[in-house]
Protein chains: 2
Amino acid sequence: MLVDEMKEMPLEDDIYLVAELYKNFADMTRVKILYALTISEMCVNDLSEMLEMSQSSISHQLRVLKQARLIKYQKKGKNVIYSLADDHVKLLLDQAYEHIKE
Amino acid sequence: MLVDEMKEMPLEDDIYLVAELYKNFADMTRVKILYALTISEMCVNDLSEMLEMSQSSISHQLRVLKQARLIKYQKKGKNVIYSLADDHVKLLLDQAYEHIKE
DNA sequence: ACTATATATGAACAGTTGTTCATATGAAAG
DNA sequence: CTTTCATATGAACAACTGTTCATATATAGT
């Protein structure tokens, strides 16, 4: 038995944060965007074409992911290049992928 | 560079499953239930009291988690004892916890 | 300054979700 | 077999979410 095994509930605030984090992954469009960005950083239009979805829809969802700090962006001329905020994001995707493939 | 690094989008169906999986974790009540069950298996009334929520609400959410195969149950007299389906579930919780604590 | 291109944003709307309330089911005890 | 306790379920409703459409902002090129 591991010493650090959990035997108590986490704090309400932490549970809130966990649920909020997972909400970002609870929609196909956002998961697609995140997967796309694991392949390569991309501008809004690239994402829009690659995922065959309206620019507006992509843009709205990018805002959600941005606010959750799962992605970051950098302006380049007329474009805005989005990329994953860190490796943790891919880890979360991979973990889910493993789960559904078991 | 890792050999198995992803350079393609997963299939639409797999993305759907990933999003569906994460939906289960995208609600505080369900996350609370799952955390509670990492501590110990429990009947509906235990959960209801522990989380200070109505029996009906807990029962509805247990159904969702059951359908997602994240929990299993076993009847014991008048009670129904719920427990986590497998270790993977705790892993998914832990991963999120790490993320919010970084 | 004007035009074209890229992105962001707000309102509106439909679809989904989580809770409550009332009630049903089911099992055990008397 | 009736009562009690534990759980499940359905309808109703409010809140939330994701898309579309229209429009705003911003940058680059002419």
Side-chain angles (χ1 to χ4, degrees), chain A residues 12 15-37 40-85, chain B residues 12 15-37 40-85:
Chain A
E12 185 90 357
I15 291 176
Y16 174 77
L17 290 176
V18 168
E20 284 303 304
L21 172 62
Y22 277 132
K23 273 182 191 166
N24 294 292
F25 296 86
D27 171 74
M28 277 189 84
T29 301
R30 288 191 295 271
V31 173
K32 282 182 187 175
I33 290 174
L34 292 173
Y35 266 124
L37 295 180
S40 158
E41 55 177 31
M42 257 176 249
C43 72
V44 181
N45 201 50
D46 289 345
L47 285 165
S48 179
E49 285 178 12
M50 179 165 177
L51 308 182
E52 292 173 292
M53 297 191 62
S54 74
Q55 174 270 316
S56 180
S57 186
I58 297 291
S59 205
H60 276 298
Q61 296 306 338
L62 283 170
R63 189 156 71 98
V64 174
L65 295 171
K66 200 166 32 174
Q67 282 171 344
R69 296 175 185 281
L70 295 175
I71 59 176
K72 56 188 192 327
Y73 65 97
Q74 132 206 33
K75 285 186 184 165
K76 209 165 194 172
K78 264 186 298 189
N79 293 321
V80 181
I81 315 289
Y82 283 90
S83 56
L84 296 185
Chain B
E12 184 90 357
I15 291 177
Y16 174 79
L17 291 175
V18 167
E20 283 305 302
L21 172 62
Y22 277 132
K23 273 184 192 165
N24 294 293
F25 296 86
D27 171 74
M28 278 189 83
T29 301
R30 287 191 296 271
V31 172
K32 280 182 187 175
I33 290 175
L34 292 173
Y35 267 123
L37 295 180
S40 158
E41 55 177 32
M42 257 177 248
C43 72
V44 180
N45 201 49
D46 289 345
L47 284 165
S48 180
E49 284 178 13
M50 179 166 177
L51 307 182
E52 291 174 292
M53 298 191 61
S54 74
Q55 176 269 319
S56 179
S57 187
I58 296 290
S59 205
H60 278 297
Q61 297 306 338
L62 283 170
R63 190 156 68 100
V64 174
L65 294 171
K66 201 167 31 176
Q67 281 171 344
R69 296 176 185 280
L70 295 175
I71 59 175
K72 56 191 193 328
Y73 66 96
Q74 135 204 31
K75 286 186 183 165
K76 208 163 194 173
K78 261 186 298 189
N79 292 324
V80 181
I81 315 289
Y82 283 91
S83 56
L84 296 186

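Residue numbers start from 1 in every chain, and the chains themselves are labelled A, B, ... in the order their sequence lines are given, proteins ahead of strands.
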Q: To the nearest Å, give me how far apart CD (A:Gln67) and P (C:dA8) are.
A: 12 Å
Q.
Expected output is a numbered-order residue list: members of residues 25-33 of chain B with a heavy atom under 4.0 Å from any atom of DNA chain C. What is it?
A. B:Asp27, B:Thr29, B:Arg30
**Q.** Distance-minimising heavy-atom pair for B:Ile15 and A:Lys32
**A.** CD1-CG, 3.6 Å
Q.
Reading DNA chain D in the 5' to 3' direction, which nucleotide is the first one with an atom under 4.0 Å from a heavy atom of chain A, and which is the last?
A. D:dG18 to D:dA28
Q.
Between B:Gln61 and C:dT17, is there a contact of a side-chain N or O with OP1 or OP2 at under 4.0 Å?
A. no
Q: Could you name each residue pair satisfying ring pair (Phe, Tyr, Trp, His ring centres under 6.0 Å) that touches residues 48-76 of chain B, not counting sequence neighbours?
A: B:Tyr73-B:Tyr82
Q: Please figure out whether A:Lys78 or A:Val64 has its closest DNA chain D nucleotide nearer the 5' end.
A: A:Val64
Q: Please figure out whether A:Gly77 or A:Ile58 has its closest DNA chain D nucleotide nearer the 5' end.
A: A:Ile58
Q.
Checking A:Glu41 now: which residues fulfil side-chain hydrogen bond (donor to acceptor under 3.5 Å, both in side chains) with it, not counting sequence neighbours?
A. none
Q) Contacts to DNA chain D from residues 41-55 of chain B, heavy-atom cutoff under 4.0 Å, which residues? A) B:Cys43, B:Val44, B:Asn45, B:Gln55
Q) Can you name the closest pair of heavy atoms from B:Ser48 and B:Ile58 and give their distance? A) CA-CG1, 3.9 Å
Q: Please work out if B:Tyr82 contacts a base, only the sugar-phosphate, or nothing of the nucleic acid, heavy-atom cut-off 4.0 Å.
A: sugar-phosphate
Q. If you look at every heavy atom in B:Phe25 and B:Val31, which pair is closest and at what distance?
A. O-CG2, 3.2 Å
Q.
Output the rounded distance in Å from NZ (A:Lys66) to C1' (C:dA8).
A. 8 Å
(Q) Counting only heavy atoms not in A:Gln74 (residues, nucleotides, ligands), do more than 12 fall under 6.0 Å from its CD? (A) yes
(Q) Nearest 0.5 Å, please: how far is CG in A:Leu65 from NZ in A:Lys72? (A) 13.5 Å
Q | Shortest non-hydrogen contact between A:Ile71 and A:Lys66, atoms and distance | A | CG1-N, 3.6 Å
Q) Partners of A:Thr29 by side chain to side chain contact (heavy atoms under 4.5 Å, CB included), sequence neighbours excluded? A) A:Asp27, A:Ile33, A:Met53, A:Gln61
Q.
Around atom CD of A:Glu12, are there more than 12 heavy atoms from other residues, nucleotides or ligands closer than 6.0 Å?
A. no
**Q.** Residue mapping more 5' on DNA chain C - nearest nucleotide basis, A:His60 or B:Lys75
**A.** A:His60
Q) Roughly how many Å is it from CZ in A:Arg63 to C1' in C:dA6, rounded to a whole number? A) 17 Å
(Q) Minimum heavy-atom separation for A:Val64 and A:Arg30, please, with both atom names. (A) CG1-CD, 3.9 Å
